[in-house]
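The structure under discussion appears below in the form of structure tokens.
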Amino acid sequence: MVRAFRVYDTLSREVRAFVPRESPRVGLFVCGLTPYAEAHIGHGRTAITFDVVARALRRWGYHVFYVQNVTNLDDRLIARGQAEGRDPLELAEFHFQGWLRGMDQLDARAVNLYPFATDYMPEIIAQVSTLIDRGFAYAVEGDVYYEVAKFPDYGQLSGQRLEALRPGARVEMDPKKRAPEDFALWKAAKPGEPAWASPWGPGRPGWHIEDTAITGRLLGDQYDIHGGGEDLKFPHHEAEIAQAEGASGKKPLVNYWMHGGMLQMHGEKMAKSVGNVSGLEGALRRYGPEVLRFYYLNANYRSPLNYEEGKSLEEAREGYATLAQPYRRLREELLRGGLTRPGRELPPEIAKTATELPLRLDEILAEDFQTREAIAALYGWGRMLNEWSAKLEGLSGAALVTLGTPYRWAAEVLGLFPERTSAKAPVEFSALVQVAIEARGRARNRGDFGEADRIRQSLLQAGIVLEDQGTETRWQWKRDGVA
RNA sequence: GCCAAGGUGGCAGAAUGGUUAAUGCGACGGACUGCAGAUCCGUUUCCUGGGGGUUCGAUUCCCUCCCUUGGCUCCA
């Protein structure tokens, strides 16, 4: 059985119950990036948004096939390649590998397939041919254009009316086009550019056609969810609808359009063209993947999110540290004696809350993926655990595991609180730290606080933080975004 | 100019036709501590952009104005 959920659909502009075309299968396509430069944290936001969507759907029993395309050839790649003296396809591959590393660090592994545009040339050429045959497109001097006037639904997604697209002020009229709003499906090759043979002569695909050629092949003429950044609504997604529905004769192309809000830098969209980008790699290096995920998910995915360099992620780090702290305690406690350790059991009402909270979290997410609401609920649980922290010591391993249930939900769906086995200190190392702690303890006991503080300071420089709790001193790794 | 989404506390950012409008960050005070950290308690708290309307009652519905952001063929 799959869980029911609701999602905001941009086309109908309302939150609608999700009905898959062929339950439990769900086709999910998200517009990926054009890797002509290093990805920035705005790209990361969209990726994490749909990573959580896919994670949630899978948890709820859907069989999600998640495709994210890669535009590995376009004007910018060609221009950039020429500027750097590199082959554009090789340049795209290079930056795409960087993107994959970022996704890997972020634990965003929900994508099943990253198809490259240039690997779908037969599909692209076939779809362009079909559009010409069906009267939606026309060829001129090696170019092929989509004739927007032939597709009456054009503009429904973005609410644009065709007349509004004709002011001409911003649209340069290409004499080869029949109308200014017509867009290129195929572009004749210019000297020195990568080109593929086609019925219209050597050339390369326009930007919009790759997506519908890819989805037609991988997801069929119609599928469930199409996602992407809000900035792609027009013209890109509008064009996709016109191409796919024009070529297949079936509508709608997709049942649900999901658009993620922009990440803004000081009130303006972060974009390479604006020049206000903050790199994903740098943010990951400085704050770690969890803080970044937390930052993204601690907002409504549809709302713009204002990013301030030197502030936003610092705040996220603090917020995440507070959120993660109770779970840290819990896991620390579990390490003493392990899962099977004997001890007291939980009062029934606490155990009930712990096991029911994940169901409530599912409910929250099932209402248009309100990750922020889910996080608020986790804060509430953390507060309860903190009030309880003194009593944790006598609890059985099973009881501790139960208390951690909501956090494991978050690990599965939100990708927070990962088990980091790699960071676990070896036994020998822990023993060394313990020696230092004991030395400091003796210094404290004889009132030599200068010496005690020196030891604490030295450990801090090694990245180890000491916390005194009653007569006990505990240690943990300094949090630099890594819980 | 046109299309779309928004305007809530110092900041980020929820929610609802009707009790004290979440949650987090920050700040201040207190408890605990040799100090610090973590935690707990308290304070900081706004009649929800301006105006008009509907209603017994609106932040939530309608109209209008102002402002912000995105889009108007580079864009996650």
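Proteins get letters first, then strands, A, B, ... in listed order; numbering begins at 1 in each. Computation of the quantities below employed the complete heavy-atom set of this structure, encompassing side-chain atoms and omitting hydrogens, waters and symmetry-equivalent molecules.
- For Ser303(A) and U69(B), the shortest distance from a side-chain N or O to OP1 or OP2 is not below 4.0 Å.
- Phe29(A) pairs in a side-chain contact (heavy atoms from CB on, under 4.5 Å) with only one of the listed residues (Tyr66(A), Tyr223(A), Phe50(A)), which is Tyr223(A).
- Between Arg456(A) and G34(B) there is no side-chain polar atom (N or O) within less than 4.0 angstrom of OP1 or OP2.
- Checking the phosphate oxygens (OP1, OP2) of C25(B), a side-chain nitrogen or oxygen of Thr322(A) falls inside 4.0 Å.
- When the P atom is compared between A12(B) and G26(B), the two are found 15 Å apart, to the nearest whole Å.
- At the heavy-atom level, Asn386(A) lies under 4.0 Å from the strands shown only through sugar-phosphate atoms.
- Here U23(B) presents its P atom at 14 Å from CZ of Phe294(A), a figure rounded to the nearest Å.
- Within 4.0 Å (heavy atoms only), His236(A) reaches no atom of the nucleic acid at all.
- The same atom, P, is picked in A76(B) and in G70(B); the two are 15 Å apart, to the nearest Å.
- A donor-acceptor contact under 3.5 Å is not formed by the side chain of Arg13(A) with the base of G6(B).
- Here the two rings, on His237(A) and His208(A), have centers that are 6.0 Å apart or farther.
- Arg372(A) comes within 4.0 angstrom of a nucleotide base, judged by non-hydrogen atoms across all strands.
- With ring centers used as reference points, Phe96(A) lies under 6.0 Å from Phe116(A).
- The residue Gly42(A) sits close to a base: some heavy atom pair falls under 4.0 Å.
- You'll find the ring centres of Phe5(A) and Phe369(A) inside the 6.0 Å limit.
- Rounded to a whole angstrom, the distance from the P atom of C74(B) to that of C11(B) is 37 Å.
- Counting non-hydrogen atoms under 4.0 angstrom, Arg329(A) reaches the backbone sugars and phosphates but no base.
- When each of Ile375(A) and Asp75(A) is assigned the nucleotide of RNA chain B bearing its nearest heavy atom, the one mapping closer to the 5' terminus is Ile375(A).
- Contacts of Phe449(A) with the nucleic acid, taken as non-hydrogen atoms under 4.0 Å apart, include base atoms.
- If you measure from atom CD of Gln264(A) to atom P of C75(B), you get 19 Å, rounded to the nearest angstrom.
- Counting any heavy atom pair closer than 4.0 Å across all strands shown, Arg454(A) reaches no nucleic acid atom.
- If you check every strand for non-hydrogen atoms under 4.0 Å, Leu305(A) touches sugar and phosphate atoms only.
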If you apply the rule salt bridge (charged side-chain N to carboxylate O under 4.0 Å, His left out), what do you find for Asp368(A) with Arg302(A), and how did you get there? CA-CA 10 Å; Asp368(A) 197 30; Arg302(A) 289 195 275 131; 3.1 Å; yes
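- In this entry the distance linking CG of Asn72(A) with P of C75(B) reads 14 Å, nearest Å.
- Across G51(B) and U59(B), the matching P atoms stand 11 Å from one another, rounded to whole Å.
- Taking only side-chain nitrogens and oxygens, Trp207(A) comes nearer than 4.0 Å to OP1 or OP2 of C75(B).
- A side-chain contact (heavy atoms from CB on, under 4.5 Å) with Leu460(A) is found for exactly one of Val465(A), Leu466(A), Ile455(A), namely Val465(A).
- Base pairing in RNA chain B gives the following stems of 3 or more Watson-Crick or G-U pairs, range against range and under 3.5 Å: B:1-7 with B:66-72, B:10-12 with B:23-25, B:26-31 with B:39-44, B:49-53 with B:61-65.
- Using a 4.0 Å heavy-atom criterion, one finds that Glu315(A) contacts the sugar-phosphate atoms exclusively.
- The phosphate of G71(B) (OP1 or OP2) has a side-chain N or O of Lys269(A) nearer than 4.0 angstrom.
- Gly32(A) comes within 4.0 angstrom of the backbone, heavy atoms only, and of no base.
- In this structure, Glu238(A) reaches neither bases nor backbone, as no heavy-atom distance under 4.0 Å exists between it and the strands shown.
- Dashed line: the shortest gap from a side-chain N or O of Gln156(A) to OP1 or OP2 of C3(B) is not under 4.0 Å.
- Between Arg383(A) and the phosphate of G24(B), there is a side-chain N or O to OP1/OP2 separation shorter than 4.0 Å.
- Ring centers of Tyr154(A) and Tyr146(A): at least 6.0 Å apart, outside the cut-off.
- Comparing the P positions of U73(B) and U55(B) gives an interatomic distance of 46 Å, to the nearest angstrom.
- G71(B) has no base stacking with the ring of Phe234(A) when judged by centroids under 5.5 angstrom apart and an interplanar angle below 30°.
- Taking the ring axis of Tyr138(A) as reference, the NZ or CZ atom of Arg178(A) stays within 45° of it and closer than 6.0 Å to the ring centre.
- Nucleotides G6(B) and G49(B) have their C1' atoms positioned 11 Å apart, rounded to a whole Å.
- To the nearest whole angstrom, the two C1' atoms, one in C66(B) and one in G10(B), are 24 Å apart.
- Residue Leu263(A) is classed as a base contact, given a heavy-atom separation below 4.0 Å to a base.
- Cation-pi geometry between Arg86(A) and Phe94(A) is satisfied (NZ or CZ under 6.0 Å from the ring centre, within 45° of the ring normal).
- Counting non-hydrogen atoms under 4.0 angstrom, Asn300(A) reaches the backbone sugars and phosphates but no base.
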